[in-house]
Structure formats: C-alpha cells, structure tokens
Amino acid sequence: MIRWTKRPAAGLAAGLAGLALIAAVGIAAPLVWGEDAGRLTGAAREGMSAAHLLGTDALGRDVLARTLVATRLTLALTLLATLIAGTLGIGLGTAVWVSGPRIREIGLRLIDVMVSYPAVILALVVAAVLGAGGGAAVVAIGVAWSPSFARLTANLAASVAGRDHVATARLMGVPPLRILTRHLLPNIAEPLLVLLSVCFAGTLTALSGLSFIGLGVQPPSYDWGALLDTGLDAVYTNPGEALGPALAITLTGVLAGFVGDGLAASADPRRARAARRAAAPEPAPRAPAPGVPADALLVVDDLRVALPDGVELVAGVSFAVRRGEIVGVVGESGSGKSLTAMAVAKLLPEQVHATAAALRLADLDLTAPAAPARLATEIGVVYQDPATSFNPGLRMGGQITEALRRHRRVGRADARRRAVRALTSVRVTSPEHRLAQHPHELSGGLRQRAMIASAVLTEPRLLIADEPTTALDVTVQAEVLALLREINERDGTAMLFISHDIGVIAALCHRVLVMYAGRIVEELAVGDLRRGRTRHPYTRALLAATPRLTGPAGEPPATVPGRPPEPGARPAGCAFAARCPRVLPHCADEAPPQVPSDGGGWAACHALRPEPAESAR
Amino acid sequence: MIGLAGASAQGDAPARKRRSASRPWLSFLLRRLAGFAAVLATLVVVTFGMVQLIPGDPAQALAGVNATDQQVGLLRSELGLDRPLAARFGSYVTGLLHGDLGTSFQTREPVADVIAARMPFTAELALLAIVVVLAVAVPLGMAVAVATRGGRRRRLDAAFTFCTGLVGATPEYVLGTLLVLVFAIKLGALPAAGAGSVPALVLPVVAVALPTTCVLARIVRREAAVVFGQDYMRVARGRRLPALTLYTRHALPNLLTGTLTMGGLMLAGLLGGTVIVESVFAWPGMGTRVVEAILNRDYPVIQGTVLVLGILATLLNTLVDVLLGLLDPRTLTGRSPS
C-alpha cells in the first residue's frame, strides 16, 4: 500500500487534461470543421484515405469532421443530463433526509429499489412519455441517474448528521435548512464530486446509447451515438465511420473514469497517507545465547524479524521453552512479542521475514521449509480475537476438525467424535449442536474455547497462545486461563503465552520473558514476578502500572512516561533509556549486558552491572 | 414496504435478528415476497402512469398531428381516456391479473404474444452473459489478487488495472460494434447479426458480458485482497492447507459475499446492456421491440415490455440475494455482513 499516491494523482491529471482537450475540441470543432462536416461530395462511403482519414458517409461527408463536430452536442447533452441527475438526486436525497422519520424510511427504501433497476429501463419509460429526441433523452438519462445521487446524499447526510458538531447545532435550535447548507453539504461535497464524474461517464455512454438505438438525437442533428448508429449500417463499406465515434465515446468515458478514480483516491485518506520510514539502522548486536536447557522443546536463538527495507521489528531474541512449561512473553504493543510468536509458528505476515541462528521445535527445524503436516499438527495456535478468527462462511465443525482430517487423515465421523470430546473437555455446552453452527451463532467466550479445542485436537507439542484473553470479558478470561492451565497439567503441553497483561502472565506462566522494543530485557521465574523481585527498570515500571484492587485506596497506578521508540529509530544501546528513571550517560549508546539474577533469570541493564561502566571500556 | 431492499435495509437489526434467528430462510422468504409484491405494485403504477403523463392530450399525441377528430376520439375511448382515472387504473389492473397486457396499436397483436415471442431471446442473452461474467471475473480477480499479494508484481497490477479500466469503461454497444468490425468483417469468423445458432450467440454475449466482467473482476480483486488479510485466513494458513483449498474453501465464499453485495446490482444492470446491444446484432429480443414501439408510440407494447423487464430485473436481484444468503447466512437477517 506504500507509494500508491503517485498513480491516482497522475491519472487524475491525465483525465482532467484529456477532458479539457476534448472540451476545447467541442468548442472549436463546429467553427473549424463545421463546413467540412456538412459538405456533400460525390465520394460517398469511401474508405479511409489521406484526404478523409476516417472516410466519408453515405452522403460523401467527411466522417472525421463530423465526429469532431459532434463533440459539442455530445458534451453539452451529457453535461445537461449530469446536471439534471445531480440536482434532482441531491434535492431528492436532502428532501428525504430533512423529512420526518416515517417518510424518510419509505423514501430510502424507494430510492434503494430505484437504484437497483437498470437505468436504461427507467430511461426507456421517460423516453416513451416524452417521445424520441435529444431533449427527451437528456431528461430520461438525467432522471434515470438521479436515484444514485439521492441515495448517496441521503446516506452521507445520515452519517454526517450523526456527528457531534451537527447534533450540537441541532440542539442549539439551528433550523434544518441551515444545518443542511452550513454543516452537511460541505462535508459531503467530496464523495458527491466523485459520483458526478462517474455519472458524467455513465450519462455519456447512456445518452450515446439512446441516440445509437434511435431514441436520442434525431437527424439532421447528430451526436456520437447517432454517428455510431449510421456508422454501423455502413460498417461493411467503411469501418472508419463506426470507428470514429466508437473511439470518441470510449476515450471520453475512460478519461472521465480516470478523473473519478483519481478523485476517489485523493478523497480516501488511507491512500493519501504516504508512509515514510527511516533508513535501515545498523543491525543490533547479536544477543548472546543463554544456556539451552537439556530438556528444551523449543529453542529460539537470535531471532530477527525485519521489514523489506531492513528495519528490524524483532532485533535478536533468544529463549527456550522446556517440555511441559508455560513461558509467558509480556510487553507493550509493538514490542515484538506477537511477531516472535508468529515467527515460531511460521505464520508471519508476508511483508516481513524472519532469520534466526536457530529455531527448532524438538527435531523440527523451523528455519528451513518444513512439512505442512508436521507444522499443522505439532504447533497449535490460539489467536487473539475469536470474533474474527473463525471463517464466517463455514460451520464450526469443518473448521475445528480441518487440520486433523487433512493432516492426520482422520475420517469425518472419527474427527467429529474427537471434536465433540475436545469441546466437552473445554466445557462447551451441547458440542454436537455447536459443530453444525456458524461462528456468528456463538458467543465470544464459546468461540475462544472452541478455538482452544481446535488447537489441541491434534495433540500439539507446543501451544502458542497469542493474547488469547485480550478480546474477552474478565470473567471469561479467568475461565480461559484455567482451561489452559488444565490442558498443560493434564497433557503436559508446552505453551508460549503472549500477553500485554502482566497480571494474566503472573497467574498462568512458569517463566516470564519481558520484551521491550523488539528485544527481551528480562527473564525471570514467575515466583520472582509475583513477589515483585523484578530487576529491570522497565519490568518494574510495568508492574507499577498494573492496577491493583488490594493496593492503597485512592492511589492511581503509576504510568510509564513516554512511548517506546519506533522500530526504525531505536538507539544502539538500551531502547528504554529515554524513559528510564535510572538512566546512565552511556545507556543509549551501548548495548546493555545481561546481568544474571538470583532466581535463575537475567536482566539486560547497565544500572544493574556491579562494576562502574567506565572500567568496562 | 418491509424489506424492499437487501443491502441497505437496516432498521431495528437486533429485534429482527431475534425474530428470525430460529428460521432465517422462512423470514427471508416472507420479506422477499413482500418486497416482490411492493416492486410489482410500483411497476404497475409506473407503467400505467406512463400513458397518463404524456404531455398534452395523449390521444392527440398518439394519433399524430394529421389525425381527424374522429380518429382521436376513437383512440381516446379505446385508451379509456374519457373515463375517470381510478376506473382506468382498475381496468388496467384487472387486465393484468387476467394476463391481458392489451393489444399493440401498430400490429394489433396481443402484447402478451409479442412478449412471449421476444422474451426468450433477451433472457437467453442476459443469462448467458451473467454466467460468462461470473465464470470469468471471479477466477480472474482472484488470480490477480493472489499474484499481487503484499504489493508484489506491480507491473501485472498496473496492466490489470489499466486493461479492466479501459474495457470496463467501453459501452456494450461500442464494444459490440468493434467486435463486429474485427470478428465478423475483418476475420469473417463469426456472424454479425441474427439469432438462432450458437456462433451467432458469441459476439452478443461477449459484448454484453465483457465490460461488466472487467468491472466485476476489479471488485473481486479488491475484495480478495481484503479477505486475504483477515484473521481467519491466517488461522487457515496455520492449518497449512494446500493453496487451492485455502483460496476456494476459505477465501472464495467470503470474497463472493463482498463482491455480490457491491456488484450484485450490476447483474441486473446487464439487462440494460442487453436491451441496447440487441440493436447492434439485430437480435430479435425485447430491446429491439421496445425501441420500435417507442418510435411508433405503441404504448401497450411499451407498457408490457417495461413491466416484464422490471420483473426480470427483480428476479435477478432476488437471485443475488439468495446467493448471498447461501454464502453467508448472516445476510438472511437483512443486515449487511460486517
């Protein structure tokens, strides 16, 4: 999505320039070529030649000249029809909006129905009433396009009317008409402008279409549609006669489309925002590998996750998870904890890529391409948001059993039985019925329990839980945590548990990794965390910021001042230096050492180093 | 007027959800039927009003400037213009209920017969075009979305956007004319006009289908890109499914939901393209007939044709809603899928 701004702007400019040129032709052509276009010669229906670039028509008139001369009438009629559509539609839309709720409801429904009908059918009705002719065609097309404007106006007005400043104006007794002109129309001008340009292209082709089938401009007048009609009759003798108006209609329509696309793109702030990133910094020094325990199930050594431009989001992370152990990773948003987990699961977004000195789950090397069946069955993942993590179009059963059936070749009935058992074990009520339901029929808590059941169905070695309780109510959170603990104790499943909530981590995990700005700053046993025996200033700040019901009444939890540095702007030294209460002069420039602590963990901090910093140089 | 429109009918969503939670299809069907009846009533009023709205004296306008007073008077009584409006509307509706759409001024045939002879051709063209549009636009849009995931293959992206933009902006009748020029005249490969044989179908169907295909392919591509970024797609990737399963089973139904919500109206719009394209290929459908009728101010034929075209459009819109309901049961409750 980056660097998209250039193209719509160029398209908009090209479209506007092209339309301006065509408009100039429309103004000048009847004066310059008017005589040629009307001059009868003996050379009827001649093919394309140097004298007549597009040949001549049945009366020997030059087709190119006629096509150019027709520009004026075509554009004038198109503009007129667009004007009618816009005025009528915006008027109708605002009328519906300012009227009472009953009329508004009926009006909106009616507009919906009108929009859902082909404009051509509506145009036929109007043309039938008014008879064939240019004026009738303009009215017909104008009327046929007006519902689109009415709907857009009514919808936009409804959305703008809900905003605070309009509601305030209303409460202050500003009359509706004044609200309309002062507050609503200026706010919806941009989308209406986009629709106007789309409508211009639409009315051009529709008007030309009516002329083409003989219901529009009548002889001796002619627009592009009428020229195309006579050109089609002569198509065997002189293709140029149809080609000229055909190209004129298409070109003008495409240019108007460019303008519409360009306007829409510049009105869309998501595209207008040009994302600029800092230049890639030097890769951070390699984090020294801690001693890998002998019973390590998951080994992660110097894991780095980087954007294509080299900016490291995770800058050298090393840790291990033992069999049967629950390791928690805690940190603020953007600390790289979820990316670390997804790198382990080999489920990183496509824009980023991971490298590691070692990344291994038992005998499965995760740095190399691994067998899909092993990845799918040996790593279970519980995702953050149960509301969006199930496919809304598929039944629960099919999704829960999918990995089991595909990768373990378990039959449908057997998979069903196992799924029912798994759902029962996570205390999902009436599990058979749930399997046949769609995700939207289940509550958030049920969905998350179903997700856990799905993740453990293949009996994975490692369960990765990426903020599994963040999207849930507090009571449901506790249930989910208890479930995970139960699974861990019953099956001995190792877990990597990601959370920004240090309280949740303390309640569930055996060992805790604290991440900050893409690195692990402290590792400690959960007992030390619970007893407050933390050492890194960041961990302490995080603990102090956790609200406690048991703490002194009336005292708000301490906040950590400042924000973490952006991934591209991290210092060479400790990334927490700028916010650290114990900051030393060299903290920001020198990578902090890993200082071991009594409980078997360590903390990366200059301030904890026993000897003075100067002597280390 | 309950549930006239699918996509933007919001109303009291929670209450409706509760009511329809037990039998979503039944309530969907009931709302559809009510909507259909309302649309039908609107169409009847519009087609009836058409004649009444003719500026000046309709009978005089229809008979032409050279008609004698006697001829105008005869026409007036034939149209029932000498009777009060309510009585005229009453007999119009009674006629419709008996399948009597009136008699053509011009040919003296019953309008029902005219439509019976013409409708199969229009329906054939429009339905084939819809099949082509869906069969081409969906795989094409998905393939491009897959190939350009995460900002890859910018050239392909640009080429796709340019080509679909160009062809999508070309009106059906212009495309039809160009197709005739190239395939019928230069290459002589396919017939330029007429109906009844399979080769004669090719150019009209392509002319009607191609612009919509391009527009829809762009929508599919954009929707596919949105779906590929959804959490449930990452979850499905986590199950390490083969690419084909991932894209067809997990992505396709969801991106079709978005595509049909936005592009569904275009399928009914194909009917409009068909009406005009018929003129290019001298296709003996309702489009050419209604044009003829309008030029001759043959009002019974115009009324009947517009009525039938309107019903066809309603059926197509309903078809889209049913498809949406099958793809995503949440749309059955009348809420737009979130």
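These numbers come from the heavy atoms of this one structure, side chains and all, not from hydrogens, waters or symmetry mates. Since the model is a prediction, treat every value here as computed from it, not as a measurement. Below, chains carry the letters A, B, ... as their sequence lines are ordered, and counting in each starts from 1.
Ranked by heavy-atom pairs under 4.5 Å with chain B, the first of A/Thr205, A/Val120, A/Val129 is A/Val129. Between chain A and the options B/Ala251, B/Gly49, B/Pro242, B/Gly168, the largest number of non-hydrogen pairs under 4.5 Å is found for B/Pro242. Between chain B and the options A/Ala132, A/Pro239, A/Pro349, heavy-atom pairs under 4.5 Å are most frequent for A/Pro239. Heavy-atom pairs under 4.5 Å with chain B were tallied for A/Ala403, A/Gly214, A/Ala345, A/Pro392; the largest tally goes to A/Pro392. For chain B, the option among A/Arg406, A/Gln384, A/Gln351 with the highest count of heavy-atom pairs below 4.5 Å is A/Arg406. Considering only heavy-atom pairs separated by less than 4.5 Å from chain A, the leading option among B/Val290, B/Val306, B/Val280 is B/Val280. Interface check for chain A: of the options B/Val235, B/Ile294, B/Val275, B/Leu309, the most heavy-atom pairs under 4.5 Å are formed by B/Val235. Chosen from B/Asn317, B/Thr170, B/Val51, B/Ile185, the residue pairing most often with chain A at heavy-atom distances under 4.5 Å is B/Ile185. Put simply, of B/Val180, B/Leu53, B/Asn254, the one with the most heavy-atom pairs under 4.5 Å next to chain A is B/Asn254. Ranked by heavy-atom pairs shorter than 4.5 Å toward chain A, the options B/Thr47, B/Leu295, B/Leu271, B/Asp298 are led by B/Leu295.
Between the side chain of A/Glu378 and the backbone N or O of A/Ala376, no donor-acceptor pair lies under 3.5 Å. Panel note: side chain B/Arg152, backbone B/Arg149; a donor-acceptor pair is recorded below 3.5 Å. In this structure, A/Ser211 contributes its side chain and A/Gly225 its backbone to no donor-acceptor pair below 3.5 Å. A donor-acceptor pair is defined here as one N or O able to donate and one able to accept, closer than 3.5 Å; such a pair exists between the side chain of B/Arg240 and the backbone of B/Gly238. A distance-only check finds a donor-acceptor pair linking the side chain of A/Asn391 to the backbone of B/His250 [under 3.5 Å]. A donor-acceptor pair is defined here as one N or O able to donate and one able to accept, closer than 3.5 Å; no such pair exists between the side chain of A/Ser454 and the backbone of A/Ala450. Although no hydrogens or angles enter the test, the distance criterion places no donor-acceptor pair under 3.5 Å between the side chain of A/Ser389 and the main chain of B/Asp231.
Judged as a side chain to side chain donor-acceptor pair (under 3.5 Å), the pairs with a partner in residues 267-281 of chain B (not counting sequence neighbours) are, in order, B/Thr122-B/Glu278. Sorted by first then second residue, the side chain to side chain donor-acceptor pair (under 3.5 Å) pairs that include residues 171-180 of chain B, not counting sequence neighbours, number zero. The side chain to side chain donor-acceptor pair (under 3.5 Å) analysis of residues 302-316 of chain B, with sequence neighbours excluded, yields the pairs A/Tyr117-B/Thr314.
For A/Leu348, the part lying near chain B is the backbone, with the side chain staying farther off; criterion is any non-hydrogen pair under 4.5 Å. Contacts of A/Leu375 with chain B are made by both backbone and side-chain atoms, with heavy-atom separations under 4.5 Å. Using a 4.5 Å cut-off between heavy atoms, A/Leu122 makes no contact with chain B at all. Within the 4.5 angstrom heavy-atom criterion, atoms from both the backbone and the side chain of A/Ser208 approach chain B. Contact of A/Ile213 with chain B is made through backbone and side chain together, with heavy-atom distances under 4.5 Å. Only the side chain of B/Ile302 comes within less than 4.5 Å of a heavy atom of chain A; its backbone N, CA, C and O stay farther away. For A/Val115, the parts lying under 4.5 angstrom from a heavy atom of chain B are both the backbone and the side chain. Contact of A/Val254 with chain B is made through backbone and side chain together, with heavy-atom distances under 4.5 Å.
Taken to the nearest 0.5 Å, the OH atom of A/Tyr383 stands 9.0 Å off from the CG atom of A/Asp466. The CD1 atom of B/Ile311 sits 6.0 Å away from the CZ atom of B/Phe36 when rounded to the nearest 0.5 Å. Here the straight-line distance linking atom CZ of A/Phe258 with atom CZ of B/Phe162 works out to 5.5 Å at 0.5 Å rounding.
The side-chain heavy atoms of A/Glu105 and A/Arg109, taken from C-beta on, include a pair separated by under 4.5 Å.
Against chain B, the residues from residues 244-252 of chain A that qualify, each with a non-hydrogen atom under 4.5 angstrom away, are A/Ala246, A/Ile249, A/Thr250 in number order.
In the model, B/Tyr232 has no side-chain atom that pairs as donor or acceptor with a side-chain atom of B/Arg234 under 3.5 Å.
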